[in-house]
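Step one of this worksheet: look at the structure below.
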Amino acid sequence: MASATVQSEHLRGLNAEQRAAVLHTEGPLLILAGAGTGKTKTIVHRIAHLISGCGVDPAKIVAVTFTNRAADEMRERVRSYIGDQARRITLSTFHSLGVRILREHGTRLGLPKRFAVYSTPDQLAALKTAAGEISIDDNAFDLKRVLARISDWKTRRVSPEQARQQVMTTRATGTRADAYEVLAADVYPRYDETLRASGAVDFDDLLLLPVQLLETDEEARRALWKRWHYVLIDEYQDTNAVQLELARHLAGSRRNLCVVGDDDQSIYAFRGADVGNILEFERHFPGARVIRLEQNYRSTKRILGAANAVIAGNTARHSKRLRTDNGIGAPIDYIEHEDDVTEADAVAQEIMLRRMAHRLKWGQFAVLYRTNTQARVLEEAFRQRNVPYRVIGGQSFFERKEVADALAYLRAAVNPEDEIALRRIINYPARGIGRTTVLKIADIARETGRSFASVLRDPPKDIGAAAVRAISEFLQMIDEARGQLEEAEAQASRGRPGEGPTPIAQWASAYFDRIGLEDAVRSDPRNAKSAIARVDNLRDLTGSIIRYERRVWDARFDITREDDEPWNPPTLAGALALLALNDFEEEDDKREDEASVALMTLHSAKGLEFSDVFIVGLEEGILPHNRSLEDAGAVDALAEERRLLYVGITRARHRLTLSRCRTRRRAGGREERLPSRYLAEIPQDLLNVKSAAAQLEPEQSAALRQNFFAQMKAMLGDAGE
DNA sequence: CCAGGGGTCCTTTTT
DNA sequence: GGACCCCTGG
């Protein structure tokens, strides 16, 4: 348990008054915390002090993060300070908070109680439907790009009407009318209508709709005012316009808003994050205090020197220069490899050697890259060399085809009107309802103004008898499943589940069997190599429903829960919302983390630290990425790419290794590559330029490994691990 | 009208 | 390594 005065080593650079401010200022507070200055620690100290020192009821505190990973980590750290009380703090991502607000008050916006949350594949399908309705040929346009445009508007709080205005003005002033702008503006309102007709919201809506609700609904505002008195927001530099408004509403007139962030680590402009939110915090929240943390406790002098040199290339920042009392540390290795395969292999090999030489755990290493596709080569190399690894992030679980299909079946059972779900599964597995039939039904629905589902229930005469029968069997199966779901949910609400499968999960797995999903996955020739993994994904899905049901009941019986806190029994809709947000207890636990090398994008690495970090693929076209060179606003994009490298470098505590390739396999052929422009910005005296080691044959490296291991054992007496 | 096979394209970053 | 489209055969 924490004492009233939290002793905080990492705050020693502050004077007493500043320290007091960090711990318990009333009113707005901005903590500008550079990389490695103990940002999360500061938040945790503040929370602990509010509770133990100031006697604030933990239930009145809400801390908001961007990722579930960050929320989990913070929860864990708060718990280690103040114990079980930590559970009563609301610790949530922005998006989960959005779900929560819409659950409670969404019906007043006309949302169904059991609204669905659409992720990318469903969003695209909805967009395609919407585009079809206004006779747009979706082959002529890249729908992903259109969706990105709509999403951009939503994150900037631009309504369909305003988007239309904007586009028209742009055309009137004679600037080049981008066909995509026009199309996006045209389809935007239809897209929203398509979502609503399916009882669904998208990711952006999870932020936008709560803000709209809070602006118009006094009761929702009052509920928020009563619920939370102290608000903390992590990684504030990554908030967008909508999140700023949400922050305003959360803070309310108490304005007990503490935000923590670092403008140099703003790397999400592409999804609407506005670094202006942190740069102009004092203007948005007059009277705000600003505290700077510039003492880095993480990295060696050399690593920090490289980071400072790289970020100095950006203008328009809160000026700061991180310092550290840490040692000078090892030189930063820089290696040029022949191609991506040798690079990956060299990384795997080097990690093996260093682990032995410095007695490190696998979990102390991380390999960072710009794009998820770079992971594949690394995975191959790591597998070949038997280096345990875990890939963090990547294609999200629910974007995998088999998972998306299964989720659509689940959603169709929850909501019979979910057109997007129905169209996805109506002929998968193939049951004789082809494209022509589906298009005909969609056409009739559009012409008569009825819903897709209702036309489906009453198919037009000109559809073949076989298709009609198939449709009716399909609908009957879904209806039956829905009936059984009601029973399963009733049972799930009755009492805490015992050992084994939980009621809703059990229902889902029977449903999947009935459909023959696993068989369909296995028999699809395209899945020849991936069938096992894909079937595993399906089983993971029921596994996470089990975890969800247990979690809901655990919360019900949590001894720290107050009697008046609302509690709802588990429902499939609830499970689906958490799934869409990737918010369910992860399988991989701490032990696994320690026993494997982490592979992830530079984006995913933000907020983490590792003893020994490799950043690979430092080439023009990768970092900075080609796409950020193309756009007109390339200066901003290049600044963001530079920040990305800054984030990567500052993840390292003791050692940093940079590398690039001279050639790279790409789309079949080979491509010449040039070194990243940012490499030239690192002072040469910090770098140890190494030539790539000649590639070892597998037998040679096995021998080397054996030999090395034997030597280490002899040297250390007993190095058994 | 439907299912399955073969060819072709591209491949940022994430909740 | 895919995702997606088009074409052909049934």
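Residue numbering restarts at 1 for every chain, and letters A, B, ... go by the order of the sequence lines. Quick caveat, the model's predicted, so the values are computed rather than measured.
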Can you tell me how far C1' of B:dT15 sits from CG of A:L208, to the nearest Å? 15 Å
Taking the side chain of A:R271 as its heavy atoms from C-beta onward, which of C:dA3, B:dT14, B:dT12 lies nearest to it? B:dT14
Between C:dG1 atom C1' and A:R400 atom CZ, what is the distance in whole Å? 14 Å
Using the test side chain to side chain contact (heavy atoms under 4.5 Å, CB included), find all partners of A:T436 that sit at least two apart in sequence or belong to another chain. none
Would you please say whether a donor-acceptor pair under 3.5 Å links the side chains of A:Q243 and A:E245? no
With A:E620, which residues qualify under salt bridge (charged side-chain N to carboxylate O under 4.0 Å, His left out), at least two apart? A:R677
Would you say C:dG1 has OP1 or OP2 under 4.0 Å from some side-chain N or O of A:R665? no
A:E379 CD to C:dG1 P, straight-line distance once rounded to whole Å: 11 Å
Using centres under 5.5 Å plus planes under 30 degrees as the test, is A:F270 stacked with B:dT13? yes
A:N240 side chain N/O closer than 4.0 Å to the phosphate oxygens (OP1, OP2) of B:dT15? no
Does any residue of residues 89-99 of chain A have a heavy atom under 4.0 Å from DNA chain B, and if so, which ones, in number order? A:H95
Decide, applying a 5.5 Å centre-distance limit and a 30° plane-angle limit (both strict), whether A:H603 stacks on B:dT13. no
Separation of C:dG1 atom P from A:R534 atom CZ, nearest Å, is 12 Å
To the nearest Å, how far apart are A:R145 CZ and B:dC10 P? 14 Å
Take the protein atom CG of A:N372 and the nucleotide atom C1' of C:dG1, then report the distance between them rounded to whole Å. 14 Å
Pair A:T342-A:D339, side-chain donor/acceptor within less than 3.5 Å: yes
Does a donor on one side chain sit under 3.5 Å from an acceptor on the other, for A:D202 and A:Y191? yes
Fit a plane to each ring of A:Y188 and A:W153, take the angle between them on a 0 to 90° scale, and name the class: parallel (under 30°), tilted (30 to 60°) or perpendicular (over 60°). parallel
Of all residues at least two apart in sequence or in a different chain, which pass the ring-ring contact (aromatic ring centres under 6.0 Å, His included) check with A:Y268? A:F270, A:H603
Against the side chain of A:E641, the closest entry in B:dT11, B:dT12, B:dT15 is B:dT12
Check whether A:R431 reaches the backbone of A:I426 with its side chain - one donor and one acceptor, N or O, closer than 3.5 Å. yes
Determine: side-chain N/O of A:T601 to OP1/OP2 of B:dT12, distance under 4.0 Å, yes or no. no
Is any side-chain N of the basic residue among A:E640 and A:R643 closer than 4.0 Å to the acidic one's carboxylate O? yes
Once side chain to side chain contact (heavy atoms under 4.5 Å, CB included) is applied, do any residues pair with A:I622, and if so which ones, sequence neighbours excluded? A:R370, A:Q374, A:E619, A:R664, A:R673
Taken to the nearest whole Å, OH/A:Y428 to P/C:dC4 is 13 Å
Specify the separation, in whole Å, of atom CD of A:Q265 and atom P of B:dT13. 20 Å
Side chain of A:T120: nearest nucleotide among B:dT14, B:dT15, C:dG2? B:dT15
Please tabulate the protein-to-nucleotide N/O contacts below 3.5 Å involving nucleotides 1-5 of chain B, giving atom names and distances.
from: B:dC1; atom 1: OP1; to: A:K440; atom 2: NZ; distance (Å): 3.1
from: B:dC2; atom 1: OP1; to: A:G434; atom 2: N; distance (Å): 2.9
from: B:dC2; atom 1: OP1; to: A:T437; atom 2: OG1; distance (Å): 2.4
from: B:dC2; atom 1: OP2; to: A:T436; atom 2: OG1; distance (Å): 3.1
from: B:dA3; atom 1: OP1; to: A:G432; atom 2: N; distance (Å): 2.8
from: B:dA3; atom 1: OP2; to: A:N427; atom 2: ND2; distance (Å): 2.9

